[in-house]
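Structure, as structure tokens:
Lettering follows sequence order; numbering is per chain, from 1. No hydrogens, no waters, no symmetry mates; every other heavy atom, side chains included, goes into these values. Model, not experiment: these values are computed from the prediction.
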There are 2 protein chains.
Amino acid sequence: MQNRLTINDIARLSGVGKSTVSRVLNNEGNVSPQTRERVLQVIEQEHFSPSKSARAMRGFSDKIVAIIVSRLDSPSENQAVRAMLPLFYQQGYDPIVLESQFSAERVKEHLQVLKQRNIDGVVLFGFTGLSAQMLTPWKDKLVMLARDMPGLSSVCYDDAGAVQLLMQKLLAQDIRSVGFIGVSPHDTTTGQRRSEAYRAFCQEHHLTPHIVLGELTYQSGFELIPQLLDRDIQAVICASDTIAIGAQKYLQQQQIRDVQVCGIGNNPLLHFLFPQSLSVELGYGAGGEAAAKQLLAQLDGSATLQQLIIPGQLAV
Amino acid sequence: MQNRLTINDIARLSGVGKSTVSRVLNNEGNVSPQTRERVLQVIEQEHFSPSKSARAMRGFSDKIVAIIVSRLDSPSENQAVRAMLPLFYQQGYDPIVLESQFSAERVKEHLQVLKQRNIDGVVLFGFTGLSAQMLTPWKDKLVMLARDMPGLSSVCYDDAGAVQLLMQKLLAQDIRSVGFIGVSPHDTTTGQRRSEAYRAFCQEHHLTPHIVLGELTYQSGFELIPQLLDRDIQAVICASDTIAIGAQKYLQQQQIRDVQVCGIGNNPLLHFLFPQSLSVELGYGAGGEAAAKQLLAQLDGSATLQQLIIPGQLAV
DNA sequence: CTGTTAGCGCATTCAC
DNA sequence: GTGAATGCGCTAACAG
């Protein structure tokens, strides 16, 4: 893949000076049509392409952005990433993907590396434990996803809204005895916010809350739902579709058919396996798209910091 | 994140010449301990880090590799990617992730872009339709995953072996009437190879083959298995765990409990939902690891082209 | 051991 | 319109 032709070579080959070639390359005006044509021809012929490193050094942007996901195999993050990719490509940016594994330390390391390169921007999938301190220096070129932080651009999902959507739907069906399977409040969004929204809704509507907490796994749903059944529940809201799958499996196994299971995330598998489930689409794709757009806008200076919330909506 | 300090600045600040700083930076020998110490101190103090672009231009590698996945949300590719990441980081390489979406055209475009940067190497998740022609120029710095191609390094999964493993296991249980749900042979590995292995095994062991073909979705498994049941099957091998999940759902729904379902991929969800399933672990993680290692070895010149096959093994 | 010089490939004055 | 210099930040070859 050694295309070691330089701008000099093609200048020689087309019988012009290097600066003229440079002008053609950058679509500048002051070049006669014939000359331009000739140069373009040679470029085409020799498959010449200017070295990014060199132009990066000229103070130009390297057109690289970084995406720091927490886990590459998280379906929600996946969806978001897939949504941003085309947007970045389209603007000529190539994305470097890093995995933080929910470790603030790793994020720090990655940021360190990104600094050495001339990274243009960063999309960071937030998680609990990230400190504002290490992020603030990046504020102009960073967008955080799924978490917010003062002084930083962010795109968040509407955790509370999702729970409310589900509760309202249940209430409309006159279901008033609803349980909740959540995860540790240590996790700010999936954990704390969703549990809190449930609790608040119950209080507001004079319902008795039934909360059990576990992990973000189907095993957890499977193991925890019995505790809720003991309390004579008509429906259960799971903090995620993964948990919901586990819960459904238990119900199916016990041949219990009169408990409505709700999840969050609109996982297609949940619908396939248990079509009677209710889920809310949090808008992961939309979130990724929004984050990419926001970052791009920040980079070209057409936007300042901004905190966005993506609305969710009930899935069938 | 403007670290606009140059090697010159820190040379001035520490009262030495720029080359000395360069020497310190590159851990070269010919620097007195005191000087080195002083320089390092300034570097530390000023949070200086050398510009990658500049050193890349000096003919050095940019330490970037590309990973071209077909779909970011493919669990198998995900697993492989996650396995390579740490290996690359460790060697100072940052991976750019591109998505091909199974389009040879897209791969071509991506390769084009990668050429402009000084990409060091590429891991390409192969798929049907890739032409050797566009890949050959990259052969020294490319490793293909999940497919092989003459003249290219590759790491493949043992599709045929996986099917044989399953068939042998079934045979050992004296199950001789086995169906197969596959996908179009247009897909070389998941499609053609697995179907072919099944067919060959049947022939060799004088079994009657029962093959139906669909897509790589759970819906497909759900819709196709009835055709096999008509033929009085004792077990069914699905070309993937995803299909197996669909098939299992149908059986469960019909309360059929005497058909052994087998899949390929060792998807944890399959085991959780239908523990009685049989699956074979193809070694996606091991594959990714092998691919990364092979690429790194090729890059530092310590290895030449090589085609590897990762053995699979029965999962519980 | 260390400073000086000369490019790497490109964009950008500035003359012609 | 176009070509000849100049410098980006860094490393390498050459002097001291």
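Between the CG atom of D62(B) and the P atom of dC10(D) there is a distance of 14 Å, rounded to whole Å. Rounded to an integer number of Å, the gap from CE of M57(B) to P of dC8(D) is 12 Å. Atom CZ of R36(A) and atom C1' of dG1(D) are 12 Å apart (whole Å). Rounded to whole Å, the distance from CD on E37(B) to P on dT2(C) is 13 Å. A straight line from CD1 of I7(B) to P of dT2(C) spans 15 Å, rounded to a whole angstrom. L13(B) has its CG atom 14 Å from the P atom of dG9(D), to the nearest Å.
Considering only residues two or more places apart in sequence or on other chains, D148(A) meets the salt bridge (Lys or Arg N to Asp or Glu O under 4.0 Å) condition with R193(A).
For DNA chain D, the stems formed by at least three consecutive Watson-Crick or G-U pairs, with both atom-pair distances below 3.5 Å, span C:1-4 with D:13-16, C:6-16 with D:1-11.
Here, dC1(C) and dC10(D) have their P atoms 25 Å apart, quoted to the whole Å.
In the set dT2(C), dC10(C), dG3(D), dG3(D) carries the atom at the smallest distance from any side-chain atom of V16(A). Checked against dG9(D), dC10(C), dT2(D), the side chain of S32(A) finds its nearest nucleotide in dT2(D).
A donor-acceptor pair under 3.5 Å is absent between the side-chain atoms of D62(A) and the main chain of I119(A), judged by distance alone. A side-chain donor-acceptor contact under 3.5 Å links K63(A) to the backbone of Q91(A). Panel note: side chain S22(B), backbone K18(B); no donor-acceptor pair is recorded below 3.5 Å.
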All N/O pairs under 3.5 Å across the protein-nucleotides 12-14 of chain D interface:
none

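Side-chain atoms of S103(B) and S100(B) include no donor-acceptor pair closer than 3.5 Å. Using a 3.5 Å distance cut-off with no hydrogens or angles, the side chains of E77(B) and S70(B) do pair a donor with an acceptor.
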